[in-house]
Each structure stands twice: as C-alpha cells, then as structure tokens.
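For reference, the structure discussed in these notes is given below.
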Amino acid sequence: MSIQEKLEAAILRALSSLRESGTLPAQAEIPTSLTLERPKNRDHGDYATSIALALAKSAGIPPREIATALQGQLLADGEIAQDLAGVDIAGPGFLNLTLAKASQGGTIEAILKSGSEFGKSSTLSGVKVNLEFVSANPTGPLHLGHTRWAAVGDALGRVLSAAGADVTREFYVNDRGVQMDLFGESIRSSALGMPRPEAGYHGLYIDELAKIIVESHPEFTKLPESESIHAFRDAGYALQLADQQRVLDAMNTHFDIWFSEKSLYENNFFHHCLETLKKQGHVFEHEGAIWLRTTDFGDDKDRVMIKSDGSFAYFASDSAYYISKRERGFDVLIYMLGADHHGYVNRLKALASCAGDDPKKNIDILIGQLVKILENGEELKLSKRAGTIITLEELIEKVGVDAARYTLIRYPVDTPMVMDVDVLRSRTNENPVYYVQYAHARICGVLRNAADLGIAFGADHIHPELLENERERELIGSLGEFPRIVASAAELREPHRIARYVEELAGVYHRFYADCRVLPLGDEAPTSLHSARATLCKSTAQVIANSLALLGVSAPEKM
RNA sequence: GUCCCAGUAGCUCAGUGGAUAGAGCGACCGCCUCCUAAGCGGUAGGCCACGGGUUCAACUCCCGUCUGGGACACCA
C-alpha cells in the first residue's frame with residue numbers, strides 16, 4: 001500500500017471514529033472513499049484534503065471545527081502518526097499533510113523493488129476489454145487520418161493493461177462490400193491500361209499494385225470481367241493489408257486480432273446474430289427490409305440491416321460485429337472513431353441497448369478530432385507517392401517513430417491538433433519527446449559515472465533523512481504520483497495524461513539536477529548523500545522509462 | 001434546421017469542483033574551469049468568449065448567447 005493510500009485510509013478511519021464518539025452527528029455524509037489532492041503550493045504540504053469543507057453542511061458544523069477534530073484523530077492514530085511531520089489546518093478548512101522524511105523513502109523503495117512493474121495496478125482487473133482502433137479499409141495505404149489512433153489506441157491498450165485489464169486489440173478489416181469491388185476494378189483498369197472508374201481509387205499505389213499482381217498472375221487480365229475484378233481485388237487486398245501491417249509494426253503498434261468483416265457472414269453467423277437480436281424484441285420488417293428499432297433507445301432514426309433487395313446494409317455488419325465481440329466474452333467494447341463518424345455514437349449505443357446491454361457499462365466510444373501536419377509553415381496535404389494524402393509511413397520517415405507517437409499521444413483526442421514537422425525534428429525544449437528522453441539519458445549518464453567512481457546506490461542506499469533539499473522533496477513527490485496517474489489515465493481512457501505527467505517529472509528532475517550535485521566534486525570523498533542522490537536518480541530513471549513504455553516510446557540511455 | 005467538438009498569455013496548447021490558473025515557443029535579462037547547456041533561473045504577458053444558474057467553493061457542472069470547425073444517406 002502506498003503512503004497515499006495509507007493516509008486516505010487513515011482519514012476515513014478518523015472520520016468514522018469521530019462519528020462513533022459523537023463529534024460528528026449521524027447525519028454527516030461521510031464518503032466511503034476519498035482521494036487526497038496534491039497541492040500546487042509547497043506551503044500546503046505534500047497532500048491535502050477538503051473533506052472538512054465537504055462535510056460541513058451535512059454535519060451542521062463549521063469546516064474548521066471538523067478539520068481540527070480530524071487533525072487530533074490523525075495525530076493520535078498510532079498507525080499513521082509517525083508518517084506525518086505535520087497536519088495543518090488552512091484557509092476555510094483544508095487539512096494539509098506533510099510527510100515525514102522516512103515515509104518519503106518508502107516511495108523510492110517501492111519503485112526500486114517493483115522496477116518495470118511500478119505504476120501497475122489492479123483497478124481494472126478482471127475486466128475484459130475489446131479495444132478496436134485504426135480499422136482502415138484495406139484499399140490503400142494508412143494515412144494521416146489513421147495515425148492518431150495508431151499511436152493513441154496502442155498507448156491506451158498499454159495503459160489499460162497496466163491498470164490490470166485483460167485487453168484485446170482488434171483491427172476490423174472491411175474486406176467486403178462495394179468499396180472492395182471498386183478497389184479491384186481500379187487495379188484491373190490500371191493493369192489493362194483502361195481509365196479508372198469514376199468513383200474508384202486513383203492513387204499511384206494502384207498502379208504499383210497492378211504491376212506486382214500482373215507480374216505474378218498475368219492470367220488475371222484474361223479472365224472474364226467479373227472474375228478478373230475479383231481476382232485483382234483479392235490479390236490487391238492481400239498486398240495492401242500486408243502493407244498496413246508492416247507499417248503499423250514499424251510504428252510499434254500491435255494488434256491481437258485482425259477481424260474480417262466477411263467472416264461475419266460465414267457459417268450462418270449473421271443469421272444467428274439476427275435471431276439473438278430478435279429475442280430482445282427490437283427487430284421489425286417494413287417495406288420488405290429488416291430494421292432495428294434503435295429509436296427505442298434515443299437514436300434519431302431506425303436502422304436498416306437487410307435492404308429490401310436482400311443485400312446487407314452496413315449496419316448489418318455493425319450489429320453482427322457487436323454481437324460477436326460480446327459473445328467472445330468482452331465486458332467493455334471500446335471504439336475509437338474519427339470525428340467524421342460521430343454520428344455513429346448514438347446508433348452504436350442504441351445497438352448495445354437493443355442487444356440487451358447497458359451502453360453506459362458495455363460500450364465506450366472515443367471520438368478523435370483531425371490531425372494536421374505542417375512543414376515549413378505549410379500544411380501538408382498532397383503526397384506525391386500515394387497520390388492522395390500523406391501516409392503514416394511518410395510521417396515516420398520525416399520525424400521518426402518516437403517523435404510521431406509521442407506527439408500524437410500528448411494531446412487529448414477530442415481536440416484537433418497540429419503536428420509541426422520542423423518542431424518534431426528540433427532538439428530543444430520545444431520538442432517534448434526530446435525533453436523527456438534527454439532527462440532519461442542524462443540520468444543514465446550520471447549513473448554510469450557513479451558506477452565508475454565506485455559509488456553504491458540502490459535499495460540499500462535510500463537514506464531518506466539526508467534528502468533535505470526542496471528539489472529532492474519535489475522529485476520524490478512527483479515519483480509517488482505515477483501509480484495514480486496510470487490508474488486515472490486508464491479509467492478516463494486518456495493516455496495523454498501519461499505524457500503530461502512524464503514531462504512534468506522530467507522538468508522536476510532537470511531542476512533537481514541543476515540544484516543538487518549528485519556525484520562528488522573533484523577529489524571529494526563519496527558520502528552517503530552521494531549514494532542517496534544516485535539512488536533517487538535511479539528511481540527517477542525507472543519511472544521515466546515506465547512512462548515512456550506505456551506510450552510505446554523508447555527511453556535511450558545515451559543521446 | 002438538428003447534433004458533436006472547441007473558444008484559457010502574442011502563438012501552440014495543458015488544467016479528473018478546491019487555496020495565488022500553468023507549460024513550451026516568441027520578447028527581454030542571466031547561468032557551463034567539475035555529474036549530458038538537447039539543461040536551469042528570472043522579468044514581462046490573463047474580465048479562462050459572453051450572460052445567467054447550482055455550490056461553502058466554478059476555467060471545471062447546468063441553461064442560454066456569440067464565434068470557429070465538423071457531422072447529419074435503404075453510402076460504404
């Protein structure tokens with residue numbers, strides 16, 4: 001149990017004993033859990049709680065009076081009193097807690113003991129999560145519109161796993177339907193030197209695909225039109241999907257399952273889904289088409305699953321895919337969609353309700369705003385190579401995987417963002433990924449030197465009582481926050497919190513480094529303080545590395 | 001017309017109901033004879049779009065207005 005959790009438990013304990021003793025009346029609304037705040041102002045201690053303010057009304061007692069009683073309880077609590085150097089009442093009734101030095105050492109010890117496991121929790125343990133992201137059509141290269149999810153989705157998967165969830169990352173492959181046929185037709189047209197279909201695909205990559213396919217299968221061009229289109233379609237699809245997989249792999253983004261849309265219609269699965277939905281009573285027939293009455297659950301119109309001509313509407317796939325995920329045992333289905341799909345939110349939630357589920361619990365839809373990319377101050381839209389828009393691969397070539405991933409992840413997804421290629425290539429404070437990586441490399445350098453000088457550091461050399469500098473206190477405080485940051489990032493599905501946190505941590509470290517000499521100067525003899533500071537450095541490097549690992553960004557030992 | 005998102009320092013943006021609203025860039029002034037200056041410190045810069053409401057407490061929650069961006073097919 002971390003020191004923070006210990007304190008939280010102690011406060012709850014204090015509150016209930018105050019109620020038992022009659023200091024707090026029975027009608028006081030004592031919460032069952034509470035989270036301590038980290039005050040921004042150093043004068044307000046290491047942790048603070050406003051619980052006295054919150055209780056004042058229901059208890060009918062002035063907040064400062066409650067705070068005073070609480071203060072007395074905490075100081076008399078044998079299990080916690082020795083961890084506290086101070087319990088102060090401030091302002092209207094805040095309770096400010098200052099940790100004893102020895103308790104701060106507990107944070108360092110926990111980090112060194114847990115290593116790469118530090119920060120993990122069990123807040124989501126037992127929850128089976130299906131995380132679906134990217135899900136690009138396999139009819140072209142991955143482009144800028146997919147990059148944000150490729151990075152954020154992957155990071156979210158890592159964060160959820162760190163919080164104990166059982167996560168399956170899934171890529172939905174739209175391998176059937178009109179678009180696929182157009183794709184095949186476009187490749188075939190290129191192979192035969194014919195004009196492309198009007199609504200078809202026009203990128204140069206189509207010509208490349210055509211060339212590759214014709215080389216290995218010249219006979220495709222001689223097949224009857226329909227068969228030929230299908231042959232080109234299937235071959236092109238296989239090549240394009242493999243290409244997407246290669247690029248995602250290079251992006252350090254990995255999937256557990258590549259789910260085929262086509263498979264939803266094999267082995268009578270769709271029919272089974274329809275029967276399942278019918279049992280819930282929201283399926284109906286109208287003018288020869290089969291509908292789902294999503295308006296029963298707040299959708300603005302009902303949705304067609306099977307059109308009157310017997311063909312499947314897109315919503316048929318959505319429905320069957322949803323049923324498939326639930327039948328495969330997932331409790332929480334996370335969908336990561338682009339802003340252009342926000343109209344899907346209501347119908348997907350209504351679909352969950354139509355299937356008898358609770359949309360608040362079983363489905364979670366994240367909408368990502370657009371990404372723009374700037375180079376030399378101009379927006380990049382056209383890509384010579386793809387003939388359409390800039391590809392994910394080109395972005396990686398320009399700025400590298402670490403910078404691309406980090407930048408894409410560090411903003412909340414519901415705000416539009418601009419990536420400036422020139423900034424991402426710069427090696428200054430302006431470029432947060434370097435700022436953070438540099439802090440890690442810097443620590444590694446110090447620790448190499450420490451080892452050369454024969455200075456001992458590690459779990460046996462924490463010496464918390466020697467770490468008296470304000471910068472040291474600040475650094476230890478930041479390190480201790482990591483587990484709660486991971487837990488909240490997972491709960492809120494906001495991996496950008498990890499990035500913001502590690503930037504803050506790197507800043508705190510750089511300030512510590514500027515003020516506190518870690519290694520002996522000149523001929524100075526090594527002391528316990530040198531060991532203690534080197535140990536603090538080591539634990540900081542560990543937390544930075546753990547943070548970057550959650551983002552899928554490397555933590556270099558040298559730069 | 002309906003719906004979604006945004007509006008915070010000159011610029012790009014953080015900020016899960018708490019105390020004096022933050023960071024980077026840009027501007028100005030400083031810090032390397034010794035651990036990575038890809039770093040650190042300081043100064044200047046804010047009616048948190050506007051108006052109501054809820055609350056002990058609102059940048060944060062609710063309603064409305066204005067401005068900007070996007071979405072609204074028996075399309076995939």
Side-chain angles (χ1 to χ4, degrees), chain A residues 35 37 39-41 43-44 48-50 52-54 56-57 62-63 90-94 96 137 139 174 176-182 199 261 286-291 300-309 311 313-315 317 338-346 367 369-370 374 410-412 414-418 420 423 426-432 434-435 437-439 441-450 452-453 455 484 488-489 491-492 494 496-497 499-500 503-504 506-507 509-524 530 533-534 537 558-559:
Chain A
T35 306
E37 297 161 26
K40 290 168 203 142
N41 189 330
D43 297 335
H44 298 150
T49 178
S50 56
L53 292 161
K57 191 163 195 183
F94 290 104
N96 294 333
N137 285 334
T139 52
N174 299 107
R176 65 176 289 279
V178 177
Q179 292 302 316
M180 284 304 294
D181 292 340
L182 265 174
E261 181 186 359
H286 178 66
E287 294 180 354
I290 307 290
W291 301 64
D300 52 0
K301 65 172 100 170
D302 293 325
R303 304 291 168 179
V304 172
M305 292 194 289
I306 304 178
K307 301 181 200 174
S308 50
D309 67 4
S311 64
Y314 198 71
F315 197 65
S317 295
D340 54 339
H341 285 71
H342 98 264
Y344 280 45
V345 174
N346 281 341
I367 297 294
Q369 297 292 323
L370 301 179
L374 243 52
R410 83 183 277 266
Y411 299 96
D414 55 6
T415 63
M417 65 168 291
V418 178
D420 189 324
V423 168
S426 75
R427 302 173 150 202
T428 62
N429 278 4
E430 203 176 352
N431 191 354
Y434 281 110
Y435 183 79
Q437 289 183 318
Y438 178 63
R442 202 179 208 189
I443 296 172
C444 291
V446 171
L447 294 179
R448 279 191 298 271
N449 295 340
D452 289 347
L453 292 170
I455 290 167
R484 65 161 22 172
S488 68
E491 194 183 322
L492 300 168
E494 292 185 348
H496 78 274
R497 288 170 186 277
R500 297 290 169 169
E503 283 168 37
E504 171 65 24
Y509 179 78
H510 285 310
R511 287 191 283 280
F512 155 81
Y513 182 88
D515 284 5
C516 298
R517 178 79 200 184
V518 177
L519 302 177
L521 270 172
D523 298 335
E524 209 182 338
H530 298 126
R533 286 183 171 165
C537 287
K558 278 184 185 173
M559 286 174 78

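The chains referred to below are lettered A, B, ... by the order of the sequence lines, with proteins before strands, and numbering in each begins at 1. Keep in mind that what you see is a predicted model, and the values were worked out from it rather than measured.
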For Gln369(A), check side chain to side chain donor-acceptor pair (under 3.5 Å) against everything at least two apart and list the hits.
none
When you check the phosphate oxygens OP1 and OP2 of rA19(B), does a side-chain N or O of Lys40(A) lie under 4.0 Å from one of them?
yes
Over all strands shown, is Lys57(A) touching base, sugar-phosphate only, or nothing at heavy-atom distances under 4.0 angstrom?
sugar-phosphate
In whole angstrom, give the distance that lies between atom CD of Glu494(A) and atom P of rU16(B).
8 Å
Asp309(A): side chain to side chain contact (heavy atoms under 4.5 Å, CB included) partners, not counting sequence neighbours:
Lys307(A), Ser311(A)
In this structure, is the centre-to-centre distance between the rings of Phe512(A) and Tyr509(A) below 6.0 Å?
yes
Just to verify, what does Ser317(A) make a side chain to side chain donor-acceptor pair (under 3.5 Å) with, not counting sequence neighbours?
Glu261(A), Tyr265(A)
Which of these nucleotides, rU16(B), rC56(B), rC74(B), is closest to any side-chain atom of Leu492(A)?
rU16(B)
The side chain to side chain donor-acceptor pair (under 3.5 Å) partners of Arg176(A) (sequence neighbours excluded) come to none
Which sits closer to the 5' end of RNA chain B, Ser488(A) or Arg410(A), going by the nucleotide each is nearest to?
Arg410(A)
Does His44(A) lie flat on the base of rA19(B), that is, centres under 5.5 Å apart and planes under 30° off?
yes
What does Gly177(A) touch in the nucleic acid at a heavy-atom separation under 4.0 angstrom: a base, only the sugar-phosphate, or nothing?
sugar-phosphate
Listed partners of Tyr513(A) passing ring-ring contact (aromatic ring centres under 6.0 Å, His included), at least two apart
none
I'd like the P distance from rG70(B) over to rA27(B), given in whole Å.
33 Å
When rounded to whole Å, the NE2 to C1' distance for the pair His496(A) and rA23(B) reads 14 Å
Rounded to whole Å, NE2 of His341(A) lies from P of rC75(B) at a distance of 16 Å
Does rG41(B) have its OP1 or OP2 closer than 4.0 Å to a side-chain nitrogen or oxygen of Arg511(A)?
yes
Using the P atom as the reference point in each nucleotide, state the distance between rU60(B) and rU2(B) in Å, no decimals.
25 Å
What residues, two or more places apart in sequence or in another chain, satisfy side chain to side chain donor-acceptor pair (under 3.5 Å) together with His510(A)?
Arg442(A)
When you compare rC63(B) with rA58(B), how far apart are their C1' atoms, in angstrom units rounded to a whole number?
15 Å
Take His530(A) and Leu453(A), measure what side chain to side chain contact (heavy atoms under 4.5 Å, CB included) needs, and give me the verdict at the end.
CA-CA 11 Å; His530(A) 298 126; Leu453(A) 292 170; over 6 Å; no
Watson-Crick and G-U pairing of RNA chain B, under 3.5 Å, as dot-bracket with | and [ ]:
(((((((..((((....[...)))).(((((.......))))).....(((((..]....))))))))))))....
What residues, two or more places apart in sequence or in another chain, satisfy side chain to side chain contact (heavy atoms under 4.5 Å, CB included) together with Asp515(A)?
Arg471(A)
Base, sugar-phosphate alone, or nothing: which one does Ala48(A) contact when heavy atoms must sit under 4.0 Å apart?
base
Using a 4.0 Å heavy-atom cut-off, does Arg484(A) contact any base of the nucleic acid, only the sugar-phosphate backbone, or nothing at all?
nothing
Heavy-atom donor-acceptor pair, Arg500(A) side chain to Arg410(A) backbone, under 3.5 Å:
yes
Taking atom C1' in both rG26(B) and rU67(B), compute the distance separating them and give it to the nearest angstrom.
26 Å
Could you check rC32(B) for me: syn (within 90° of 0) or anti?
syn
Give the B/S/- string for nucleotides 3-8 of chain B, one per nucleotide from 5' to 3', where a protein heavy atom under 4.0 Å of the base yields B, of only the sugar-phosphate yields S, and otherwise -.
BSSS--
Nearest-angstrom distance, C1' atom, rG46(B) to rA21(B)
9 Å
Other residues, nucleotides, ligands: >12 heavy atoms within 6.0 Å of Glu37(A) CD:
yes
Restricting to side chain to side chain contact (heavy atoms under 4.5 Å, CB included), what partner residues turn up for Asp300(A), sequence neighbours left out?
Arg303(A)
Considering only heavy atoms and no angle criterion, is a donor-acceptor pair shorter than 3.5 Å present between the side chain of Asp43(A) and the base of rA19(B)?
no
Can you check whether Lys301(A) has a side-chain N or O nearer than 4.0 Å to OP1 or OP2 of rC72(B)?
no
Sticking with atom C1', work out how far rC25(B) lies from rC66(B), rounded to a whole angstrom.
30 Å
Measure from CZ on Arg500(A) to C1' on rU16(B) and round the result to the nearest Å.
15 Å
Sugar-phosphate or base contact per nucleotide [nucleotides 33-38 of chain B; S, B, -; heavy atom under 4.0 Å]:
-BBBSB
rU65(B) and rC3(B), which share atom name P, separated by this distance in whole Å
10 Å
Inter-nucleotide P distance (rG68(B), rG22(B)), Å rounded
32 Å
Mind calculating the distance between CD (Glu503(A)) and P (rG15(B)) to the nearest angstrom?
12 Å
Only counting residues at least two apart or in another chain, list the ones meeting side chain to side chain contact (heavy atoms under 4.5 Å, CB included) with Pro39(A).
His44(A), Ala48(A)
When the nearest nucleotide of RNA chain B is assigned to Arg497(A) and to Pro39(A) on a heavy-atom basis, which residue is associated with the more 5' position?
Arg497(A)
Donor on one side chain, acceptor on other, Tyr314(A) and Asn174(A), under 3.5 Å:
yes
Write down the distance between NE2 (His286(A)) and C1' (rC74(B)), rounded to a whole number of angstrom.
11 Å
